[in-house]
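Heads up, the thing below is written out as structure tokens.
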Protein chains: 2
Amino acid sequence: MSLSGIFPIDRWNFTTQSILNTLSEEEYAELVANQSDQKYLKGDVIFREGSVPAGIFLIRSGKVKKYKVDNLAKEQIIYVANHGELIGYHAVLSEERYPDSAAAIEDSLISFIPKEDFISILHRSPVFTQRLLKALSHEFTVLANTISVIAQRTAPERLAIALIVLREKYKDEESGEKDIILNVSRMDLAGMAGIAQENVIRLLKEFKAEGILESDGRKILIKDIKRLIKKSNYR
Amino acid sequence: MSLSGIFPIDRWNFTTQSILNTLSEEEYAELVANQSDQKYLKGDVIFREGSVPAGIFLIRSGKVKKYKVDNLAKEQIIYVANHGELIGYHAVLSEERYPDSAAAIEDSLISFIPKEDFISILHRSPVFTQRLLKALSHEFTVLANTISVIAQRTAPERLAIALIVLREKYKDEESGEKDIILNVSRMDLAGMAGIAQENVIRLLKEFKAEGILESDGRKILIKDIKRLIKKSNYR
DNA sequence: TTAAAAAACTGATAAATATCAGCTTCTGCG
DNA sequence: CGCAGAAGCTGATATTTATCAGTTTTTTAA
């Protein structure tokens with residue numbers, strides 16, 4: 001599953017989306033028996049770094065950023081989770097406090113599942129456990145990839161990569177493959193690419209001038225994905 | 001387990017060291033039945049990014065860096081694994097190629113365990129599986145931490161952090177807690193901190209002038225860990 | 001509806017860090 | 001032992017990116 005045959009998009013996505021499919025009907029029913037749904041508006045915090053986890057979250061719809069905040073202000077986005085994905089399970093499994101924070105980057109509907117139910121299913125279903133092991137192992141790939149990009153790529157390259165990755169996350173919402181419109185703030189782009197917000201704006205302007213994308217406020221339309229990939233310098 | 005009560009060292013170490021202790025004697029015997037030991041000299045590559053895993057590695061003695069190389073040359077170190085730790089299991093579990101490379105940073109004795117044996121034990125021992133889940137979940141903490149440090153900290157801070165982390169890895173080899181001597185090249189320090197080698201040299205000189213450390217070639221003695229922690233600006 | 005707040009944007013400047021070129025000192029190997 | 005190559009080191013310079021101080025526009029909420 002490689003974007004345009006060149007950009008290894010699988011290196012940028014966790015794989016918790018399909019995990020729940022491994023559960024039998026009964027198991028799934030038990031998992032969600034005590035769930036509680038909650039609507040989060042854009043910007044709402046779901047959990048905060050340092051707090052104690054009481055369960056896990058299943059994103060029914062919407063998108064969520066996982067991020068770490070430095071000495072106040074500047075936030076670095078670690079990962080953007082899409083609908084269908086689980087979040088907050090690391091801290092439950094490692095029996096630690098949350099290592100990062102999570103917030104909705106668009107209006108989202110999210111189910112909370114008490115940790116006891118999650119652990120119980122884990123003990124019950126070996127297949128589920130295996131799939132979770134696989135997903136967690138893949139996350140190493142994703143995060144190692146992120147580390148090397150942030151450490152070694154230039155600002156324009158990192159922004160290009162952030163846009164390519166986001167495009168993929170926004171893809172499934174549109175019916176056709178063409179004209180995928182991202183809806184993301186300059187600040188979140190800055191947080192993903194690890195660059196200053198002002199520079200995101202300047203770089204977006206450049207990309208626009210080069211005909212790579214169009215933008216109207218937070219709506220960004222990527223017109224020339226191939227040139228964007230070239231810009232990202234990724235192989 | 002917090003260094004001097006201020007630096008959260010547990011945020012910098014994977015926890016595969018004690019995993020094998022969860023195995024019964026029989027299980028352990030089966031795991032290592034087909035192992036083959038190999039000696040790696042400093043600098044020797046253990047596996048390379050992009051190749052297909054055939055098994056996992058147990059570091060009997062020595063230290064190993066896991067790293068990713070950019071468009072030739074510059075390498076970013078993702079993690080330094082110590083004796084007792086397992087490496088190379090992510091790729092086996094996720095059924096992917098290695099996402100990173102591994103090389104010995106000191107002479108090391110390493111056992112290779114065929115992936116079939118590893119998987120077999122995994123299916124056999126639920127406790128082992130649980131502990132592995134826990135370890136993998138904890139790795140998210142470590143890697144997210146690394147991402148935010150590389151993205152948000154200055155070069156002197158990152159170098160200070162690299163030194164603090166390495167000090168902990170070299171600790172157990174010395175009998176006393178005092179006078180821990182690191183043995184690491186400028187290049188590897190540059191790779192860990194994500195800065196240019198020349199700047200590592202300059203910064204080390206500064207730290208030296210400030211009385212924080214002493215160095216003789218690759219041997220680095222941290223004299224004032226408290227000042228180093230202050231320098232790292234970590235909370 | 002409108003005032004206030006937040007986000008987007010701009011240009012100028014400062015700071016941090018990389019790069020380059022050359023030199024010196026180690027280190028390992030024939 | 002000596003030599004070649006690697007690693008360590010230095011100073012000068014270039015480049016990148018952040019920061020600052022505003023202005024304009026958009027969004028939010030009373």
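Values reported hereafter were calculated over all heavy atoms of this structure, with side chains retained and with hydrogens, waters and symmetry mates removed. In what follows, chains are A, B, ... by sequence order, proteins preceding strands, each numbered from 1.
Remark: A:K226 engages no residue in a salt bridge (Lys or Arg N to Asp or Glu O under 4.0 Å) (not counting sequence neighbours). Partners of B:H90 according to the ring pair (Phe, Tyr, Trp, His ring centres under 6.0 Å) rule, which considers only residues two or more places apart in sequence or in another chain, are A:F140. A:F207 meets the ring pair (Phe, Tyr, Trp, His ring centres under 6.0 Å) test with no other residue; sequence neighbours excluded. B:Y79 pairs by the side chain to side chain donor-acceptor pair (under 3.5 Å) definition with B:E85, not counting sequence neighbours. Looking at residues two or more places apart in sequence or on another chain, you find a ring pair (Phe, Tyr, Trp, His ring centres under 6.0 Å) between B:F57 and B:F47, B:F112. By the side-chain contact (heavy atoms from CB on, under 4.5 Å) test, A:E96 is found to be paired with A:S94, B:H138, B:T141, residues two or more places apart in sequence or in another chain being considered.
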Contact pattern, 5' to 3', of nucleotides 5-21 of chain D - B, S or - by protein heavy atom under 4.0 Å: --SSBBBB----SBBB-
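The span of DNA chain C lying next to chain B, judged by atoms under 4.0 Å from heavy atoms, is bounded 5' to 3' by C:dT17 to C:dC20.
The C1' atoms of five pairs define one axis at each end of the helix from C:dT1-D:dA30 to C:dG30-D:dC1, and these two axes lie 50° apart (to 10°).
Nearest heavy atom pair, residue A:I181 against residue A:Y170, reads O-CD2, 3.8 Å.
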Can you give the donor-acceptor pairs under 3.5 Å from side chains of residues 37-46 of chain A to other protein atoms, not counting sequence neighbours?
residue: A:D37; atom: OD1; partner: A:Q35; partner atom: NE2; Å: 2.8
residue: A:D37; atom: OD1; partner: A:S111; partner atom: OG; Å: 2.8
residue: A:D44; atom: OD2; partner: A:L41; partner atom: N; Å: 2.8

Name the atoms and distances for all side-chain donor-acceptor pairs under 3.5 Å in residues 187-203 of chain A, with sequence neighbours left out.
residue: A:D188; atom: OD1; partner: A:K65; partner atom: NZ; Å: 2.8
residue: A:N199; atom: OD1; partner: A:R202; partner atom: NE; Å: 3.3

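Sorted by first and then second residue, the side-chain hydrogen bond (donor to acceptor under 3.5 Å, both in side chains) pairs involving residues 45-56 of chain A (not counting sequence neighbours) are A:E49-A:K68.
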